[in-house]
Amino acid sequence: MKDCVAKLILGLLLLSPLACGSPESHDTAADSGREAETVADAGVGDVEEPLPEPTYWSAESTVVVHDLNFVVVDGEPFFAIGFDTSSFDMWDGETGGGDIWAEGTEGGECDPATGHGYVNYQVEKNQAAASAGANFAYVWSYGKHIDELVNVAPPLKGLWHRNYGTSPAPENDVIPIIYNAYGEEDMASPTPSNAARMRDEFEQFRDREGRFSPEAMPHLPPFDDLPWYSWHPTHRMIACGSQQRLSPDLATQFAQSTNMMIGDWYTYIENRFDRSTAAGAALALFHNQHGDVGEGYDDWLEMDSPHHQELFSAAWLLGRSLVERRNPDAVVWLWLQGYAFAEDINRKSCEGNISDSYTTGPFPSDRYLRKEITSTIAAGGTGIIFFGWFFNRWPEAEKLMTFFRALSHEEVYRPVLTSPRLDIGVDTTYLGEEGHLGQGRIHAMLKWHEETRTAYAVIANPGAHETTLELDFPWTIAEVELLDWYEPGFVARPEEIVIRDRRVTYPVPKDEGSILRITPLMPPSVD
């Protein structure tokens, strides 16, 4: 199923032209005591201009914008930290394999009935994911063992499905919070009539008429209880009007057909075909492969490859396009790549079959995942689902659980993920030196957490260049801290992050994602 998706999405990608700390640190005593320290540190090495008198924080100078759209659960904004799951076993990484393009070569002996060639700890893996902070499970179909896969503590949120209320029993099921109506195949015929059909069916869902009526779906909750009707757009929705992209107008029609979209695109890949052989050269030419076999994302990043630059900005480009084109009340989530393309290929090889995916590749690097996560948030996305969880064996799953822990941490989930935007009078969507998109390389979103009176900067710098970020806030900055993704929480800023009164300067590493916590200088009288 997903091989075809990978072939469509990633094949079209390369065929397309380039696109047009702790809570107590916030108390008054600590804040007022930082004034002299902040001013002194900021002035080190800079004798050209004395620092101005500090500007204390005030409510009037702090402009908060409530324009982010969230799925709402029990009256609270919900940011999905999700994964997809399935009951099939994982390829064990040891049996099977071989050169499936060599004549007469067969894969290893695989027998799902006996478990030869497979490992099976999907249930334990899902339980560990929930314990690590995952809160959403996308289940492709409900059948054998699904009740075991999703019966975890705390309960996972998920999709409403036609079996809901019957099998599995609701107490062993996900808690349905969205309804997914369409997938990638709906982009196979991207026409105005198809967009209109999707919009008409969403209206039936909203009114609970036709196939969504109580008679047709007796266990479907009322619209007020389950209002989110989603579909999965692909990279076509970036909409620069090229041969493989929709026109801006048509992309907008599709984006406005429902009230939720989950963008779908994965780019941590490597070339599959060996051009030194006749068969490999023909396949490489057919798929417009740039470079030779084994060359991949990290190589293209190192060489700043003009043929592959869109791969670095994938989450940003798709997420931003969906956010800008959606209905005003529509929610945008993104799928992120959380598996190795090689896993699916090797599974099929193990079974003696040929995968139709034209690309292979290892499990994504941590840096790539940090950049994709922060790109999604900076674009205005309010949910992330890591695709390929059910392919992963335990070592790869543990890498993703690092990010489940970081995103669900008490200093991150509410303060960063579900807080409203902070407006400092500057468009932060493109900052820093100009990149291949013709605008600033850095994409950022600022957040404001009123309870602790702290700001957050979610920063993504896709691509092959370190890029300096400068942000000017409306008040003097007492401290900046950096999120530690591995021991979740905010730690003292590294020396390369410089504070000068109201300005933060940060040379963001290439293809990296960071989250900063910015503490304003509070007036001594503030309780």
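FYI, the numbering just counts along the sequence from 1. Reckoned from all heavy atoms, side chains included, excluding hydrogens, waters and symmetry mates.
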Task: Side-chain heavy atoms of N259 within contact of N327, under 4.5 Å - done: no
- [ ] Using a strict 4.0 Å threshold on nitrogen-to-oxygen distance, state whether E398 and R405 make a salt bridge.
- [x] no
- [ ] Without swapping roles, check the side chain of Y413 against the backbone of F79 for a donor-acceptor pair under 3.5 Å.
- [x] yes
Open item on the list: Side chains of E433 and H465, heavy atoms from C-beta outward: is any pair under 4.5 Å?
Closed with: no
Task: Whether K447 side chain and Y456 backbone form a donor-acceptor pair below 3.5 Å - done: no
- [ ] Please check if any side-chain donor atom of S230 sits under 3.5 Å from a side-chain acceptor atom of N180, or the reverse.
- [x] yes
Open item on the list: Parallel, tilted or perpendicular: which one describes the rings of H443 and Y430, with boundaries at 30° and 60°?
Closed with: perpendicular
Task: W485 and L407, any side-chain heavy atoms less than 4.5 Å apart - done: yes
Task: Contact summary for R326 and M261, nearest pair of heavy atoms - done: CB-CE, 3.9 Å
Open item on the list: So which atom in I345 and which in T359 form the shortest heavy-atom distance, rounded to 0.1 Å?
Closed with: CD1-O, 3.2 Å
TODO: Heavy atoms only: give me the nearest A444-L431 pair and the separation to one decimal.
DONE: CB-CD1, 4.2 Å
TODO: Could you go through the side-chain contact (heavy atoms from CB on, under 4.5 Å) check for M90 and Q122 one step at a time?
DONE: CA-CA 8 Å; M90 292 81 73; Q122 298 283 27; 3.0 Å; yes
- [ ] With rounding to the nearest 0.5 Å, note down the distance linking CE in M401 to NZ in K125.
- [x] 8.5 Å
TODO: Mind checking side chain to side chain donor-acceptor pair (under 3.5 Å) for D249 and listing every partner two or more places apart, or none if nothing turns up?
DONE: Q253
TODO: Assign the ring pair F391 / F387 to parallel, tilted or perpendicular, where the plane angle (0 to 90°) is split at 30° and 60°.
DONE: perpendicular
- [ ] Please round to the nearest 0.5 Å and tell me the distance separating atom CG of N271 and atom CG of L283.
- [x] 12.0 Å
Open item on the list: Could you tell me if Y268 and Y339 have a donor-acceptor pair between their side chains, going purely by distance under 3.5 Å?
Closed with: no
Task: Backbone of V150 reached by a side-chain donor or acceptor of D173 within 3.5 Å - done: no
Open item on the list: Using side-chain heavy atoms (C-beta onward) and a distance below 4.5 Å, is P233 in contact with L322?
Closed with: yes
Task: Closest non-hydrogen atom pair, L334 against T376 - done: CD2-OG1, 3.7 Å
Open item on the list: Do F363 and P395 make a side-chain contact, defined as non-hydrogen atoms from C-beta onward lying under 4.5 Å apart?
Closed with: no
- [ ] Determine, stepwise, if the pair T191 / S193 fulfils side-chain hydrogen bond (donor to acceptor under 3.5 Å, both in side chains).
- [x] CA-CA 5 Å; T191 61; S193 60; 3.1 Å; yes
Open item on the list: I want to check something: taking the side chain as every heavy atom from C-beta on, are I262 and I178 in contact at a cut-off of under 4.5 Å?
Closed with: yes
Open item on the list: Test your reading of the model: is there a side-chain donor-acceptor pair from D299 to the backbone of G296, 3.5 Å cut-off?
Closed with: yes
- [ ] Measure the spacing between CD1 of I81 and CG of L156 and express it to the nearest 0.5 Å.
- [x] 11.0 Å
- [ ] With side-chain contact (heavy atoms from CB on, under 4.5 Å) as the test, would you mind laying out the steps for H290 and H308 before giving the verdict?
- [x] CA-CA 9 Å; H290 293 278; H308 301 90; 3.6 Å; yes
Open item on the list: Looking at every non-hydrogen atom in both residues, tell me the closest pair between F136 and G158 and how far apart they are.
Closed with: CE1-CA, 3.4 Å
TODO: For T429 and D427, indicate whether the former's side chain and the latter's backbone hold a donor-acceptor pair under 3.5 Å.
DONE: no
Task: Side-chain (T382) to main-chain (N69) donor-acceptor, under 3.5 angstrom - done: yes
Task: N/O donor-acceptor pair under 3.5 Å between D274 side chain and G280 backbone - done: no
Task: Donor on one side chain, acceptor on other, D511 and Y297, under 3.5 Å - done: yes
Open item on the list: Please check: side-chain N/O of T374 versus main-chain N/O of I459, any donor-acceptor pairing under 3.5 Å?
Closed with: yes
Open item on the list: Under a 3.5 Å cutoff, is there a donor and acceptor pairing between the side chains of W335 and D84?
Closed with: no
Task: Pairing of E201 and R197 as salt bridge, 4.0 angstrom limit - done: yes
- [ ] Check the side chains of R325 and S321 for a donor-acceptor pair under 3.5 angstrom, ignoring hydrogens and angles.
- [x] yes
TODO: Look at R245 together with E310 and state whether they make a salt bridge at an N to O cut-off of under 4.0 Å.
DONE: yes
Task: N/O donor-acceptor pair under 3.5 Å between T418 side chain and P77 backbone - done: no
Open item on the list: Distance check, rounded to the nearest 0.5 Å: L226 atom CG versus L220 atom CG?
Closed with: 6.0 Å
- [ ] Applying ring pair (Phe, Tyr, Trp, His ring centres under 6.0 Å) between Y179 and each of W228, Y164, F202, F212, report the one that passes.
- [x] F212
Task: Passing candidate, side-chain contact (heavy atoms from CB on, under 4.5 Å) with I373, options L336, I515, V458 - done: L336
Task: Cation-aromatic face contact R370/Y368, 6.0 Å, 45 degrees - done: no
Open item on the list: For a 4.5 angstrom cut-off between non-hydrogen side-chain atoms, does Y138 reach W389?
Closed with: no
TODO: Taking all heavy atoms of Q204 and all of R211, pick out the closest pair and write down the distance.
DONE: OE1-N, 4.1 Å
Open item on the list: Using the rule given for side-chain contact (heavy atoms from CB on, under 4.5 Å), can you reason through R414 versus E76, listing the C-alpha separation, both sets of side-chain angles and the distance that settles it, and then say yes or no?
Closed with: CA-CA 10 Å; R414 290 294 177 201; E76 297 289 338; 3.8 Å; yes
- [ ] Could you walk me through whether L68 and M445 pass the side-chain contact (heavy atoms from CB on, under 4.5 Å) test, one step at a time?
- [x] CA-CA 11 Å; L68 297 176; M445 180 174 286; 3.8 Å; yes
Task: Donor + acceptor pair across side chains of Y358, D356 (<3.5 Å) - done: no
Open item on the list: Is the shortest side-chain heavy-atom distance between D304 and Q309 below 4.5 Å?
Closed with: yes
Task: Distance, nearest 0.5 Å, that separates NE2 of H235 from OG1 of T267 - done: 12.0 Å
- [ ] Please report the C-alpha distance between S514 and Y506 in whole Å, then the side-chain angles of each, then the deciding distance to 0.1 Å, and finally whether the side-chain hydrogen bond (donor to acceptor under 3.5 Å, both in side chains) criterion is met.
- [x] CA-CA 10 Å; S514 306; Y506 175 30; 2.9 Å; yes
Open item on the list: Run the side-chain hydrogen bond (donor to acceptor under 3.5 Å, both in side chains) test on W91 and E343 for me, step by step, so that the C-alpha distance in whole Å, both residues' side-chain angles and the decisive distance to 0.1 Å come before the verdict.
Closed with: CA-CA 7 Å; W91 173 67; E343 294 298 277; over 6 Å; no
Open item on the list: I need the I238 CD1 to R320 CZ distance, nearest 0.5 Å.
Closed with: 13.5 Å
Task: Side chain Y121, main chain W394, donor-acceptor under 3.5 Å - done: yes
